[in-house]
Trainee: 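Let me give you the structure first, and then I'll get to my questions.
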Amino acid sequence: MGSSVVDLVIDMAPDWARRAVRGQIGADTLGQRHSNVNSDRTQITSEQIRHSMDEGAHRLGNIAVIGVHGWFPIRMLQMIAGEPTGKSEKFCLMMRDALKSYLREQHGVEVDDSRITLFPLVGEGRIEDRVETLLSQIIDTDDPSDSSQGANRDMVARSDSRAASDIVSSSSPAVVATAATKLKAKSKGKDKAKAESVKESGAADSAGNPAGKQSAMIAETLMPERSRRAEKLKEADTVFVVTHSQGTPVSAMLLERLMELGIIDTHRQRVGMLAMAGISHGPFPYLKDNVVIRYIESEAARELFELMDPSSYQSQRYVAALSTILHKGVRLICTGSWVDEVVPLYSAIIQGVSHPNVYRAVYIDAPHYQDDFLTSLIVFALRLRNMDIYDHDLLMHLSEVVAGSLWGHSGHSTVYGEPAVYKLSIKWLLYSTASTSVSASTSTSVPAAPVGYQGSTQQASVSGSQIHMSYRPFNAGEKLNPFFIPWIMRTLWDEPEIRQNDSLRIELRRLAKLFDKWMPETKAGKELKYRLEPVRAAL
């Protein structure tokens with residue numbers, strides 16, 4: 001991807017974050033929607049934030065990267081559509097490379113591979129079954145039962161010295177055999193019966209899915225020895241969780257479990273989570289009637305539609321996990337994908353959740369990028385959400401306009417191939433934790449949370465103050481009234497919080513000019529422009 005796409009990803013940020021990342025603005029505009037700040041104080045605070053980010057980059061220490069893949073189609077569909085590419089090991093390696101590149105280029109920090117421990121977790125099935133399967137891959141310390149264990153361990157020791165990227169691209173039978181041997185772990189004791197049942201279920205899924213089975217073999221080779229995994233994760237100073245699609249609710253629940261066990265502790269660790277095209281409010285509702293989904297796909301695929309209903313068990317379980325991890329200081333960045341054929345934009349950015357630790361962005365692949373009204377409107381709406389200004393569900397109505405096609409676009413799978421997406425999550429973790437660090441050290445600097453958020457500050461930690469999540473449930477399966485769009489736009493135009501913000505007023509004027517020049521080519525785009533015609537005078 002070109003530098004213009006990298007800039008675009010950064011431009012998804014609100015004005016304060018985008019300009020602060022580029023070193024153009026004082027950090028005490030963080031979360032504030034008014035520009036009546038003394039310029040001298042702005043300059044001082046800007047230096048403090050940049051200094052704090054540099055210090056934070058140098059204090060990252062030992063880093064653990066947990067990769068959680070999304071849902072894989074059944075074997076028959078893979079034979080038609082091809083093997084899935086969004087695997088856990090890919091996410092881990094992409095984040096590792098992004099860490100080394102970003103820290104070197106932006107903060108002058110060299111990170112050796114020995115400081116980064118990879119945990120590419122592999123396991124298919126329903127959401128909660130996957131949580132148990134992946135958790136067992138971290139906390140299960142049982143030794144392999146194969147008689148050739150010693151020889152295979154020697155092979156692992158030799159292969160671990162190779163670069164991780166070489167292992168992933170290797171087709172060496174020795175590497176595959178080693179990983180396969182490590183997968184055969186015994187469970188001891190009746191208290192592990194349920195966990196073992198879940199693991200067997202996950203193994204069965206992988207057995208019927210060659211891509212999943214091969215991925216599990218490679219993942220086992222990249223991870224530390226089973227007996228040291230929980231210890232290595234607990235010793236990490238910084239933890240990144242990288243996930244995609246169905247892996248988003250799985251990762252949130254997994255993080256919650258790891259916190260309950262004390263393996264991850266936000267009081268001593270900085271924790272960030274990158275959710276790419278995450279299915280938080282379910283897939284596109286119309287996919288539920290798809291013949292493949294209804295009659296061919298697995299139960300795990302059909303379960304995802306339960307997330308559309310906020311009263312369903314899966315939705316409530318997921319929201320509870322989100323509330324826990326955000327309250328404890330996890331920095332979550334939700335990146336949607338343009339022309340995603342599976343996940344609506346409102347689902348990818350968790351439209352129903354509000355919290356200062358959540359950051360929203362959209363990835364636009366270079367061939368689909370146009371600096372037009374629609375692109376700018378979505379960027380504007382995301383900026384409002386990042387500034388804690390209610391968008392009156394504009395993003396929900398625009399999600400169908402930027403939806404992809406099952407037979408024409410693959411936006412759902414392009415987002416995890418862009419390095420800038422990973423780098424943005426690193427910036428967000430450093431920037432957000434830097435702001436809390438500065439606010440803790442001086443009474444006249446940045447607030448620990450954006451203005452407008454009310455929460456109980458209970459206990460300070462490495463990850464900042466603890467603030468409760470705000471949740472506004474909605475049924476994503478209900479059909480939206482498209483004629484609400486002009487009323488939403490008119491309401492936003494008159495929103496006091498927008499009109500009192502210089503940068504947002506400028507953006508509104510730019511939108512008005514772009515609207516006249518906008519010549520949409522898609523049917524959805526043409527319908528949107530037609531419905532917005534009544535507010536042309538206001539725009």
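For this chain, numbers begin at 1 and follow the sequence in order. Both backbone and side-chain heavy atoms feed into the values below; hydrogens, waters and symmetry mates do not.
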Trainee: Check whether more than 12 heavy atoms from other residues, nucleotides or ligands sit under 6.0 Å from atom CZ of Phe484, and answer yes or no.
Mentor: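 Counting neighbours around CZ of Phe484, 12 or fewer heavy atoms of other residues, nucleotides or ligands fall under 6.0 Å, so no.
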Trainee: Side-chain contact test, heavy atoms from C-beta onward, threshold under 4.5 Å: evaluate it for Asn501 versus Met387 and give yes or no.
Mentor: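 A side-chain contact under 4.5 Å exists here.
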Trainee: Out of Thr248, Val68, Val242, which one pairs with Met273 under the side chain to side chain contact (heavy atoms under 4.5 Å, CB included) rule?
Mentor: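 Checked Thr248, Val68, Val242 against Met273; only one passes side chain to side chain contact (heavy atoms under 4.5 Å, CB included): Thr248.
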Trainee: Which value, rounded to the nearest 0.5 Å, describes the distance between Gln316 atom CD and Leu307 atom CG?
Mentor: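 Interatomic distance, Gln316 CD to Leu307 CG, rounded to 0.5 Å: 11.5 Å.
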Trainee: Could you give me the CA-CA distance, side-chain angles and deciding distance for Asp371 and Arg510, then say whether salt bridge (Lys or Arg N to Asp or Glu O under 4.0 Å) is met?
Mentor: CA-CA 11 Å; Asp371 187 15; Arg510 180 172 179 270; 2.8 Å; yes
Trainee: Is there a side-chain contact between Phe240 and Leu99 (heavy atoms, below 4.5 Å)?
Mentor: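 Phe240 reaches Leu99 side chain to side chain.
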Trainee: Please work out which of the three classes, parallel, tilted or perpendicular, describes the rings of His244 and Tyr416, given edges at 30° and 60°.
Mentor: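 Perpendicular.
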Trainee: Could you check Asp393 against Leu480 for side-chain contact (heavy atoms from CB on, under 4.5 Å), going step by step and ending with a plain yes or no?
Mentor: CA-CA 10 Å; Asp393 292 332; Leu480 296 173; over 6 Å; no
Trainee: Taking all non-hydrogen atoms of both residues into account, name the closest pair between Ala381 and Asp391 and its distance.
Mentor: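 The pair with the smallest heavy-atom distance is O-CB, 4.5 Å.
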Trainee: Which value, rounded to the nearest 0.5 Å, describes the distance between Ser347 atom OG and His281 atom NE2?
Mentor: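 One finds 6.0 Å between OG of Ser347 and NE2 of His281.
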Trainee: Find out whether Val401 and Ile378 are in side-chain contact, i.e. whether some heavy atom of one side chain is under 4.5 Å from a heavy atom of the other.
Mentor: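 Side-chain contact under 4.5 Å: no.
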Trainee: Run the side-chain contact (heavy atoms from CB on, under 4.5 Å) check on His392 and Glu495 step by step: do they pass?
Mentor: CA-CA 10 Å; His392 297 275; Glu495 186 72 53; 3.1 Å; yes
Trainee: Give, for atom CZ of Arg130 and atom CD of Gln246, the distance between the pair rounded to the nearest 0.5 Å.
Mentor: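 With rounding to 0.5 Å, CZ (Arg130) is 4.5 Å from CD (Gln246).
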Trainee: Does a side-chain heavy-atom distance below 4.5 Å link Glu418 with Met276?
Mentor: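 No, side chains not in contact.
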Trainee: When you check the gap from the basic side-chain N to the acidic O, do Asp372 and Lys517 get nearer than 4.0 Å?
Mentor: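 Looking at Lys517 together with Asp372, the answer is no, because their closest N to O distance does not fall below 4.0 Å.
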Trainee: Between the side chain of Ser101 and the main-chain N/O of Ala98, is any donor-acceptor distance below 3.5 Å?
Mentor: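 Absent.
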Trainee: Give the minimum heavy-atom separation between Val342 and Asp340, together with the two atoms involved.
Mentor: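 Closest heavy-atom pair between Val342 and Asp340: N-OD1, 2.8 Å.
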Trainee: Using a 4.5 Å cut-off on heavy atoms from C-beta on, say whether the side chain of Val379 contacts that of Glu507.
Mentor: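 The answer is no; the side chains never approach within 4.5 Å.
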Trainee: Please give me the minimum heavy-atom distance between Ala348 and Ala277, naming the atom from each residue.
Mentor: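 Minimum heavy-atom separation between Ala348 and Ala277: CB-CA, 4.0 Å.
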Trainee: Looking at side-chain heavy atoms only, is the closest gap between Ile66 and Leu233 below 4.5 Å?
Mentor: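 Sidechains of Leu233 and Ile66: in contact.
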Trainee: Measure the shortest side-chain to side-chain distance between Phe119 and Cys92 over non-hydrogen atoms and say whether it is less than 4.5 angstrom.
Mentor: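 When only atoms from C-beta onward are counted, Cys92 and Phe119 do not touch, as no gap falls below 4.5 Å.
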Trainee: Would you mind telling me which of Val239, Leu254, Ile325 makes a side chain to side chain contact (heavy atoms under 4.5 Å, CB included) with Ile264?
Mentor: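 Passing option: Val239.
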Trainee: Look at the side chain of Thr491 and the backbone N and O of Trp487, then say whether any donor-acceptor pair between them is shorter than 3.5 Å.
Mentor: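 Yes, because the side chain of Thr491 sits within donor-acceptor range (under 3.5 Å) of the backbone of Trp487.
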Trainee: If I compare all heavy atoms of Asp516 with all of Lys529, which pair ends up nearest, and what's the gap?
Mentor: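 Result for this residue pair: O-NZ, 4.0 Å.
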Trainee: Checking side chain to side chain donor-acceptor pair (under 3.5 Å) between Gln314 and each of Glu128, Glu303, Glu306, which is the one that passes?
Mentor: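 By the side chain to side chain donor-acceptor pair (under 3.5 Å) criterion, Gln314 pairs with just one of Glu128, Glu303, Glu306: Glu303.
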Trainee: Phe515 vs Trp518 aromatic rings, parallel, tilted or perpendicular, using cut-offs 30° and 60°?
Mentor: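 Phe515 vs Trp518 ring planes: tilted.
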Trainee: Out of the candidates Leu332, Leu424, Leu429, only one should pair with Tyr359 under the side chain to side chain contact (heavy atoms under 4.5 Å, CB included) rule; please name it.
Mentor: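 Running side chain to side chain contact (heavy atoms under 4.5 Å, CB included) over Leu332, Leu424, Leu429 with Tyr359 returns exactly one hit, Leu424.
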Trainee: Is there a side-chain contact between Leu511 and Leu508 (heavy atoms, below 4.5 Å)?
Mentor: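 Contact flag for Leu511/Leu508 side chains = yes.
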Trainee: Under a plain distance cut-off of 3.5 Å, with no hydrogens placed, do Tyr318 and Ser280 share a side-chain donor-acceptor pair?
Mentor: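 Side-chain D/A pair, Ser280 to Tyr318: present.
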Trainee: Going through the checks in order, is the side-chain contact (heavy atoms from CB on, under 4.5 Å) test met by Leu395 and Leu382?
Mentor: CA-CA 8 Å; Leu395 285 167; Leu382 287 170; 3.9 Å; yes
Trainee: Keeping Thr375 on the side-chain end and Gln370 on the backbone end, is there a donor-acceptor pair under 3.5 Å?
Mentor: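 Judged by distance alone, yes, a pair lies under 3.5 Å.
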Trainee: Answer yes if the side chains of Glu400 and Tyr286 hold a donor-acceptor pair under 3.5 Å, and no otherwise.
Mentor: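 No pair is found: no donor N or O on one side chain lies under 3.5 Å from an acceptor on the other.
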Trainee: Please report the closest heavy-atom contact between His69 and Ser88, naming both atoms and the distance.
Mentor: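 Heavy atoms only, the tightest pair is N-OG, 2.9 Å.
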Trainee: Quick one, Val330 with Met259, criterion side-chain contact (heavy atoms from CB on, under 4.5 Å). Give me CA distance, side-chain angles, the key distance, then yes/no.
Mentor: CA-CA 11 Å; Val330 173; Met259 289 177 180; 3.2 Å; yes
Trainee: What is the distance from atom CE of Met469 to atom CG of Asn357, rounded to the nearest 0.5 Å?
Mentor: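 Reported to 0.5 Å precision, the distance equals 11.5 Å.
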Trainee: Rounded to the nearest 0.5 Å, how far apart are CD1 of Ile350 and CG of Leu326?
Mentor: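 Here the rounded value is 7.5 Å.
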Trainee: Mind listing the closest non-hydrogen atom pair of Thr266 and Lys328 along with its distance?
Mentor: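 Nearest heavy atoms, Thr266 then Lys328: OG1-O, 2.5 Å.
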Trainee: Could you give the distance from OH (Tyr346) to CZ (Arg385), rounded to the nearest 0.5 Å?
Mentor: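 With rounding to 0.5 Å, OH (Tyr346) is 14.0 Å from CZ (Arg385).
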Trainee: Please indicate whether Glu105 has more than 12 foreign heavy atoms, meaning atoms of other residues, nucleotides or ligands, lying under 6.0 Å from its CD.
Mentor: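 Yes.
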